[in-house]
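Chain letters run A, B, ... following the sequence lines, proteins first and then strands; every chain starts at 1.
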Amino acid sequence: MDGPVGAMRVLVTGGSGLVGRAIERVVKEEEEGGREGEEWIFLSSKDANLMSAEETRSVFQKYRPTHVIHLAAMVGGLFRNMRQNLDFWRNNIFINDNVLQTAHEFGVVKVVSCLSTCIFPDKTTYPIDETMIHNGPPHESNFGYAYAKRMIDVHNRACFQQYGRRYTAVIPTNVFGPHDNFNIEDGHVLPGLIHKTYLAKKEGKPLQVWGSGRPLRQFIYSLDLARLFVWVLREYDEVEPIILSVGEEDELSIKDAVDAVVEALGFKGDVIYDTSKADGQFKKTASNAKLRKYLPDFKFTPFKAAIKETCDWFVANNDIARK
Amino acid sequence: MDGPMRVLVTGGSGLVGRAIERVVKEGEGREGEEWIFLSSKETNLVSAEETRAAFQKHRPTHVIHLAAMVGGLYRNMRQNLDFWRDNVHINDNVLHMSQEFGVVKVVSCLSTCVFPDKTTYPIDETMMHNGAPHESNYGYAYAKRMIDVHNRACFQQYGLRYTAVIPTNIFGPHDNFNIEDGHVMPGLVHKTYLAKKEGKPLEVWGSGRALRQFIFSVDLARLFVWALREYDEVEPIIASVGEEEEQSIKDAVDAVVEGFGFKGEVIYDTSRSDGQIKKTASNAKLRKYLPDFKFTPFKEAVKETCDWLAANYEIARK
């Protein structure tokens, strides 16, 4: 590792995305964020196409990171996954293999990758925990994406076994916040809701929510996730991944989320639930017991405050927001 | 598809590839068909560019995909990352190029060793992804499982009916007889050959109690050709003798000893790992399609394999 002892040079792939931007903000603006002498580089797909081994290698050669936070992926909401499982499988396998293998070849000390609770077995007991990722097939709707993400954990374990590298991963539940992809067709549930409510208010129309509103989710604000990512990079030494989420007691229905968005944007019109559209997985309750064992006092931003902040950001940045 | 089949067999110079070559020449092949047997000497399938070049050169209509980085228990335990990565690359290259080049059908090769470690028996085709594989070879196991994931996703996105066959323990002529890195049967055959030649005891690794279903490579080859022509499902199919034909490693040792006429001592080194104790697979699906398929009797197949090694010792892979 070059440079003064203890100085990290952190490469963040997917740096311009939802979580990447949140990490950038935490590192720049917060006391617990970046430290003296550290260098943080936020990579976007404009800088390098990580599906290409050559471009990935060039980026590592240029920046010579000592650490990597690997967020880059081909992602999408329920409906896009259902149409393109092969693309989600292949493109993500390439991205992940390129980043993990190149990191190993360049002597990167630690890589923290990003999994998701949506990749866990479909048929399972609840709450799910870190030991259960591979215990059965994932949900049919996104099996391509799910298997590609699971294989990060396989790669990490094999890399530890063969080379002793302590590359690891975090498992967030549903992430939301500023800088998300607010595309209604292909985005995730919360940004989709925010965008739709914004338009419904603007156009004086009813708000149409896809699905019944009954599925349950644990939501984690991107800023909270970012703080936890930085902690994992510095302090979490296990190869086995760690779930990053609010507790089980903070699980909310989609309807709860709708109500919070409606309140934050001051929407006064009708709310209609289109039950002809798929709900996706009904529940994905995850245990954050492992996180609480390490950080018993970590405070998550209250849900309504986080939603308000996200809605305000979307209103103020509507022209530049990804949609 | 107009015109006859042009079948590309990857891993064509290996245990199963050579057996397919033999059965195609001896009657399974049809008029006007072209069968191309690819080996790693010509093409490194870990490379996307080389794989593309091979498809451009041969323009197959069908593919039997056997090529893989393989090894016995001990090598897998040491190199799970390499087994994971190289096999994922090989498989993605072959399956992706097949789709790009309009290949009508690909039959890939899985293995019962990729199934979940904690499971009920007998295992069947629906159970492959129901839990983590055995710790000893999870890199290889996941890479093979992902062939099935790729096939299902490819069918869903493009309607292509690429599929796979799941053999149990294969043995036969042209195997890799390397004692350190090979599989149990060829390892036994080689060790017995040497023990007889050198007048020493036969040392068997493990307790001899592990149970396996063995399939002769020539029988498997006939089933591969049938699957290519007739089997239309995307879900894979187990190719194996029935559960009633399961044998212990000791049974296999006895058959090899008889096959060579070995008269010396047989010692079981129980300090060595046994690997999985059993992997009993159901061949009910195969029997539904082919109720009358006849497998070569075990002792006869073992004798043929021993005779082959004795006659071809210099050129055998070891």
Do any of residues 112-129 of chain A have a heavy atom less than 4.5 Å from a heavy atom of chain B, and if so, which, in residue order? none
B:Lys105 and B:Tyr231 side chains, donor-acceptor separation under 3.5 Å: no
Region of A:Phe160 that comes under 4.5 Å of a non-hydrogen atom in chain B: neither
Side-chain donor/acceptor of B:Thr10 to backbone N/O of B:Ala67, under 3.5 Å: yes
Hey, does B:Ile238 have a side-chain heavy atom less than 4.5 Å from the side chain of B:Lys285? no
Under 3.5 Å donor-acceptor, B:Arg85 side chain and A:His155 backbone: no
Please rank B:Gly131, B:Ala132, B:Pro116 by heavy-atom pairs under 4.5 Å with chain A and give me the top one. B:Gly131
Without hydrogens or angle criteria, can the side chains of B:Asn169 and B:His183 be said to hold a donor-acceptor pair below 3.5 Å? no
If one checks every heavy atom of B:Met127 against chain A at 4.5 Å, the contacting part turns out to be neither
Going by ring-ring contact (aromatic ring centres under 6.0 Å, His included), name the pairs with one or both residues in residues 88-117 of chain B, residues two or more places apart or in two chains. B:Phe55-B:Phe101
Do NZ/NE/NH1/NH2 and the carboxylate oxygens of B:Glu243 and B:Lys278 come within less than 4.0 Å? no
Heavy-atom pairs under 4.5 Å with chain A are the metric here; pick the option from B:Phe83, B:Tyr138, B:Trp84 that has the most. B:Tyr138
With a 4.0 Å cut-off on N to O distance, would you call B:Asp92 and A:Arg90 a salt bridge? yes
Name the region of A:Gln161, side chain, backbone, both or neither, that has any atom closer than 4.5 Å to a heavy atom of chain B. side chain
Between A:Tyr163 and chain B, with a heavy-atom cut-off of 4.5 Å, which part of the residue counts as in contact: side chain, backbone, both or neither? side chain
A:Met82, part contacting chain B, at a heavy-atom distance under 4.5 Å: backbone
Please identify each residue that fulfils salt bridge (Lys or Arg N to Asp or Glu O under 4.0 Å) with B:Lys318, with sequence neighbours left out. none
Check whether A:Arg166 reaches the backbone of A:Asp237 with its side chain - one donor and one acceptor, N or O, closer than 3.5 Å. yes
Salt-bridge test for A:Glu248 and A:Lys283: reply yes if a basic N is under 4.0 Å from a carboxylate O, no otherwise. no
Would the distance check show the side chain of B:Thr163 and the main-chain N or O of B:Glu233 forming a donor-acceptor pair, the cut-off being under 3.5 Å? yes
Checking heavy atoms, do the side chain of A:Ile93, its backbone, both or neither come under 4.5 Å from chain B? side chain
Distance in Å, B:Glu49 CD paired with B:Arg52 CZ, rounded so as to fall on 0.5 Å steps: 8.5 Å
Could you tell me which residues in residues 141-154 of chain A have at least one non-hydrogen atom under 4.5 Å from a non-hydrogen atom of chain B, sorted by residue number? A:Phe143, A:Tyr147, A:Met151, A:Val154
